[in-house]
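Throughout, protein chains are lettered first and strands after them, A, B, ... in sequence-line order, and every chain is numbered starting at 1.
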There are 2 protein chains.
Amino acid sequence: MRLLIIEDDKYLSDSICETVKELFEPEQAFDGEEGLFLAEQNIFDVIILDIMLPSMNGYEVLQNLRKQNITTPVIMLTAKDGIDDKIQGFKVGADDYLVKPFHREELLLRLEAMVRRSGGLLKENVITFKELKLNIKNKTAEIQGEILKLNGKQFDLLEYLINNKNAILTKEQIFDRIWGFESDTSMTVVEVYASNLRKNLKKYGYDHYIKTFRGLGYMLTDNGE
Amino acid sequence: MRLLIIEDDKYLSDSICETVKELFEPEQAFDGEEGLFLAEQNIFDVIILDIMLPSMNGYEVLQNLRKQNITTPVIMLTAKDGIDDKIQGFKVGADDYLVKPFHREELLLRLEAMVRRSGGLLKENVITFKELKLNIKNKTAEIQGEILKLNGKQFDLLEYLINNKNAILTKEQIFDRIWGFESDTSMTVVEVYASNLRKNLKKYGYDHYIKTFRGLGYMLTDNGE
DNA sequence: TTTTTTTAAGGTTGATTTAAGGTTGACCCT
DNA sequence: AGGGTCAACCTTAAATCAACCTTAAAAAAA
């Protein structure tokens, strides 16, 4: 679970990081433009967005995102308490709202509720797909009783696929998520890893479940065909 | 959209009804047990739940519901302002929280955000024409229960036609939309794709619905002949 | 060293485009 | 009305092209 914090108050931002680090991998942006740029990568599970920001305010960031059909859940954060702000925030597409100062526990709970609502699961130690079990913590995979050896990025890919089963993931998304959007390696690595992953799953007949959609991306699916 | 309001203050309950009646069909319950009974029917899209209630408090109602795997989104409502209440509410599975007194507009916006999150969005990912369903996200088509395989541009064409059913689309429009107006391929591809699409729909008797208007363009229509 | 990651190259598949010949229907002429 | 002509459209199949797969070797990391 990746969380983007767009907040110019470094002290507050760090403190949020600290608060959530059990459940999320946080990333920080300290002004509006930087935040928008990062959010546009569309690789985060939740975004915490302050309203008063240098270079571009929170509303603009959010509006911009929604215009691009990026639907990552957003929690707006502000010192202002007026209802007008709340209304504006929701109109632009925020999913929740938190008034500073807030209790850490409340933030955590709202984050959880948010992620739960949007179908995601909080960081679990074990995720499964049919008879395939991934232990996120030790990065081990088990299938039909046997232990399956997967190296780092292959594991990450499989994890990402399982967490988004029955949804198409574009090569861009996969690349941005696993290699990082600023990585300068070529996007064809994704194909190579898809290939390797399939090879490893073939033994168990699970390679079929990774479907490629030409021009669109990949999907892990369990509904037959 | 059906909304259940579980709130013992009749005046407040009525006033909520009034506020939301544009967007929801509200139903009222005035104590915990009645509310639980109604909620158990699992026919509502959202529930507004007060905490202080006769016969059974809001936490118990919610806990009970979740235990039965009823996941209707719930907004908790209370006069208490302490963080402890919020925590308890979220722990039991509330999806949002509102402190009395609240602005009507805020309630409305939270309701909208809630519904949007819990599948309101999903509906926009699917468009239909008679028994034909297109899932825009997965780019899959389903007709009369069967899955229909369409390649990229065929799918795009069908999507465009469905979104403009009962309106004539010129070949230029179709071409510009799907191939891009700067494309240097010949406009006759549109005919080829119309042909292929019809061939694929023929099996289900849906080819007739794509009518060509000589000199004008194509139209997808569902009113007979 | 051993393992993992990245690059490079050639092969495969299937979508897209072109081309060619066949239909259809509008319009004109006698 | 009937027949001829033509342009628009349909259909098919072959040619082309881009996306993707696979493999193996090179580079980097452990």
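Atom OH of Y218(B) is separated from atom P of dA8(D) by 13 Å (rounded to the nearest Å). Look at CD1 on I210(B): it is 10 Å from P on dC10(D), rounded to the nearest Å. A straight line from NZ of K211(B) to P of dC10(D) spans 13 Å, rounded to a whole angstrom. Put simply, CE on M219(B) is 15 Å from P on dC9(D), counting in whole angstrom units. Note: CD1 (I174(A)) to C1' (dT5(C)) measures 17 Å, nearest angstrom. In this structure, CD1 of I178(A) is placed 15 Å from C1' of dT6(C), rounded to the nearest angstrom. What separates CG of L201(A) from P of dT22(D) is a distance of 12 Å, to the nearest Å. To the nearest angstrom, P of dT18(C) lies 9 Å from CZ of F175(B).
Taking Q28(A) as the reference, S13(A), D14(A) meet the side-chain hydrogen bond (donor to acceptor under 3.5 Å, both in side chains) condition, with sequence neighbours excluded. Listed by chain and number, the residues in a side-chain contact (heavy atoms from CB on, under 4.5 Å) with I162(A) are I127(A), F129(A), L132(A), L134(A), L158(A), L220(A) (sequence neighbours excluded). Here K139(A) pairs with D156(A) under the side-chain hydrogen bond (donor to acceptor under 3.5 Å, both in side chains) rule; sequence neighbours left out. With sequence neighbours excluded, the residues that form a side-chain hydrogen bond (donor to acceptor under 3.5 Å, both in side chains) with E146(B) are K203(B), Y204(B). Applying the ring-ring contact (aromatic ring centres under 6.0 Å, His included) criterion to Y206(B), with sequence neighbours excluded, gives Y209(B). For Q63(B), the side-chain contact (heavy atoms from CB on, under 4.5 Å) criterion is met by V92(B), not counting sequence neighbours.
Annotation: proximity of residues 153-162 of chain B to DNA chain C (heavy atom, distance under 4.0 Å) is found for K153(B), numbered in ascending order. Contacts between residues 189-197 of chain A and DNA chain C, defined by a heavy-atom separation under 4.0 Å, are made by V189(A), V192(A), Y193(A).
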Pick out the pairs of N or O atoms, protein on one side and nucleotides 22-26 of chain C on the other, that lie under 3.5 Å.
residue: dT24(C); atom: O2; partner: R214(B); partner atom: NH2; Å: 2.5

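Salt-bridge formation is not detected for the pair D31(A)/K10(A): no Lys NZ or Arg NE/NH1/NH2 atom is positioned less than 4.0 Å from an Asp or Glu carboxylate oxygen.
With rounding to the nearest 0.5 angstrom, the CG atom of D45(A) is 8.5 Å from the CZ atom of R2(A). In this structure, CG on N166(A) lies 5.0 Å from CG on D222(A), to the nearest 0.5 angstrom. Note that CD1 of I5(A) is 9.5 Å distant from CD of E27(A), once rounded to the nearest 0.5 Å. A distance of 4.5 Å separates CZ in F213(A) from CD1 in I168(A), rounded to the nearest 0.5 Å.
Closest contact between the side chain of N151(A) and the listed nucleotides dC20(D), dT7(C), dT4(C) involves dT4(C).
Applying the 4.0 Å criterion to OP1 and OP2 of dT12(D), one finds that K199(B) has a side-chain N or O inside that range. An OP1 or OP2 oxygen of dA19(D) is reached within less than 4.0 angstrom by no side-chain nitrogen or oxygen of K171(A). Remark: W179(B) is in phosphate contact with dT17(C), judged by side-chain N or O atoms under 4.0 Å from OP1 or OP2.
Sorted by first and then second residue, the pairs that involve residues 163-185 of chain B and meet salt bridge (charged side-chain N to carboxylate O under 4.0 Å, His left out), not counting sequence neighbours, are K171(B)-E191(B). Evaluation of the ring-ring contact (aromatic ring centres under 6.0 Å, His included) test over residues 157-177 of chain A, restricted to residues two or more places apart or in two chains, returns F175(A)-W179(A).
Backbone-only contact: S186(B) has heavy atoms under 4.0 Å from sugar-phosphate atoms and none from a base. K149(B) comes within 4.0 angstrom of nothing in the nucleic acid, heavy atoms only.
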* What is the per-nucleotide protein-contact pattern of nucleotides 25-30 of chain D, from the 5' end, where B denotes a base atom under 4.0 Å from a protein heavy atom, S denotes such proximity for sugar-phosphate atoms only, and - denotes neither? -> ------

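In this structure, M219(A) and L161(A) have side chains that are not in contact, with every pair of non-hydrogen atoms separated by 4.5 Å or more.
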